[in-house]
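Here is the structure we will look at.
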Amino acid sequence: GYIQACRGLMISAVCLGFFGAVFGLVGMKCTKVGGSDQTKAKIACLAGLIFILSGLCSMTSCSLYANRITSEFFDPSFVAQKYELGAALFIGWAGASLCIIGGSIFCFSIAETSNSPRRAYAYNGATSVMSSRTKVHNSVPDKTPPKHFDKNAYV
């Protein structure tokens with residue numbers, strides 16, 4: 001029975017992770033799907049909560065299985081084959097931890113402070129040194145042909 005419970009929790013964690021990724025992609029500011037920025041922030045916060053729930057399902061499944069293994073291992077009256085904690089459990093715990101941390105970061109990265117308004121920087125165009133000098137110092141257009149420099153003149 002506990003193996004079926006662990007299997008169900010892991011399948012639900014994978015499904016929740018998939019839906020969290022879809023909502024996360026829709027809720028990002030760089031996508032055009034999802035509406036306004038406020039709607040995208042709500043969708044991204046929902047994605048973070050789904051990721052946290054997915055991590056909790058996975059963590060619960062790994063912990064339930066590990067508890068059963070350790071209780072059977074240290075039980076002297078248990079005569080069947082005994083198992084040890086394997087790499088899959090540690091990878092599951094690490095993945096669940098990363099999913100929970102990532103979901104919480106996803107939730108808290110959305111919050112914008114309305115106290116400090118963003119500055120809009122105006123683009124004035126790229127100007128080179130020669131063009132700015134010729135604009136300032138030469139008000140009358142010069143009729144002399146341009147000087148052609150060799151590639152060694154720039155080194």
Side-chain angles (χ1 to χ4, degrees), residues 1-72 83-142 146-149 151 153-155:
Y2 73 96
I3 291 177
Q4 295 298 326
C6 293
R7 186 178 294 157
L9 282 170
M10 289 304 277
I11 290 172
S12 65
V14 169
C15 291
L16 285 171
F18 172 75
F19 287 119
V22 169
F23 285 137
L25 287 174
V26 171
M28 285 186 193
K29 288 184 179 182
C30 61
T31 59
K32 300 206 183 267
V33 181
S36 67
D37 284 342
Q38 292 176 348
T39 307
K40 285 183 177 234
K42 290 177 184 176
I43 292 172
C45 187
L46 176 68
L49 291 174
I50 290 174
F51 276 130
I52 291 171
L53 188 60
S54 171
L56 287 175
C57 284
S58 179
M59 183 78 73
T60 305
S61 174
C62 291
S63 298
L64 180 65
Y65 194 76
N67 183 27
R68 181 67 178 223
I69 288 174
T70 54
S71 66
E72 287 177 355
Y83 295 100
E84 294 179 2
L85 299 179
L89 282 174
F90 295 113
I91 291 172
W93 281 322
S97 300
L98 288 175
C99 201
I100 291 170
I101 291 169
S104 61
I105 288 173
F106 211 119
C107 284
F108 294 126
S109 68
I110 306 298
E112 289 187 18
T113 57
S114 60
N115 297 342
S116 61
R118 290 185 163 189
R119 283 190 196 173
Y121 293 103
Y123 178 69
N124 295 331
T127 59
S128 66
V129 177
M130 289 301 292
S131 64
S132 64
R133 285 184 185 162
T134 56
K135 286 180 186 176
V136 173
H137 296 296
N138 294 338
S139 59
V140 178
D142 197 11
K147 298 178 183 177
H148 296 289
F149 292 105
K151 67 178 179 179
Y154 296 106
V155 179

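Counting from 1, the numbers follow the sequence of the chain as shown. Because the structure is a prediction, the values reported are computed rather than measured. Below, each value reflects all heavy atoms present in this structure, side chains not excepted, and no hydrogens, waters or symmetry copies.
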query: Rounded to the nearest 0.5 Å, what separation is found between the OG1 atom of Thr60 and the CG atom of Asn67?
result: 12.0 Å
- line: When every non-hydrogen atom of Ala5 is compared with those of Leu64, the smallest separation belongs to CB-CD2, 4.2 Å
field: Shortest non-hydrogen contact between Gly24 and Ala47, atoms and distance
entry: N-CB, 3.4 Å
task: Ignoring hydrogens and angles, tell me if any N or O in the side chain of Ser12 forms a donor-acceptor pair with the backbone of Gly8 under 3.5 Å.
output: yes
statement: When rounded to the nearest 0.5 Å, the distance separating CD1 of Ile52 from CD1 of Ile101 is 10.5 Å
- prompt: With a 4.5 Å limit on heavy-atom distance, are the side chains of Ile3 and Tyr65 in contact?
  reply: yes
message: For a quick test of reading the model, state the closest non-hydrogen atom pair linking Ala13 to Ser54 and the distance between them.
response: O-OG, 2.7 Å
field: Pairwise distance CG(Leu9) to OH(Tyr2) - rounded to 0.5 angstrom
entry: 14.0 Å
- request: For residues Ser63 and Trp93, determine if any side-chain heavy atom of one lies less than 4.5 Å from a side-chain heavy atom of the other.
  value: yes
- prompt: What's the shortest heavy-atom distance between Ala66 and Leu85, and which atoms?
  reply: CB-CD2, 3.7 Å
- prompt: Distance-only, no hydrogens or angles: does the Ser61 side chain make a donor-acceptor pair with backbone N or O of Cys57 under 3.5 Å?
  reply: no
field: From Leu98 atom CG to Ile91 atom CD1, the distance as rounded to the nearest 0.5 Å
entry: 11.5 Å
query: With no hydrogens and no angle check, is any side-chain donor or acceptor of Lys40 less than 3.5 Å from a backbone partner on Val33?
result: yes
statement: Residues Leu49 and Cys107: closest non-hydrogen pair is N-SG, 3.6 Å
- prompt: What is the minimum heavy-atom distance between Phe23 and Ile50, and which atoms define it?
  reply: CD1-CD1, 3.4 Å
message: Before you tell me yes or no, could you show the steps for Lys42 and Leu46 under side-chain contact (heavy atoms from CB on, under 4.5 Å), namely the whole-Å CA-CA distance, both residues' side-chain angles and the distance that decides it to 0.1 Å?
response: CA-CA 6 Å; Lys42 290 177 184 176; Leu46 176 68; over 6 Å; no
- prompt: Does any N or O in the side chain of Ser104 come within less than 3.5 Å of the main-chain N or O of Ile100, such that one atom is a donor and the other an acceptor?
  reply: yes
message: Treating Ser71 as the side-chain partner and Arg68 as the backbone partner, does any N or O pair qualify as donor plus acceptor under 3.5 Å?
response: yes
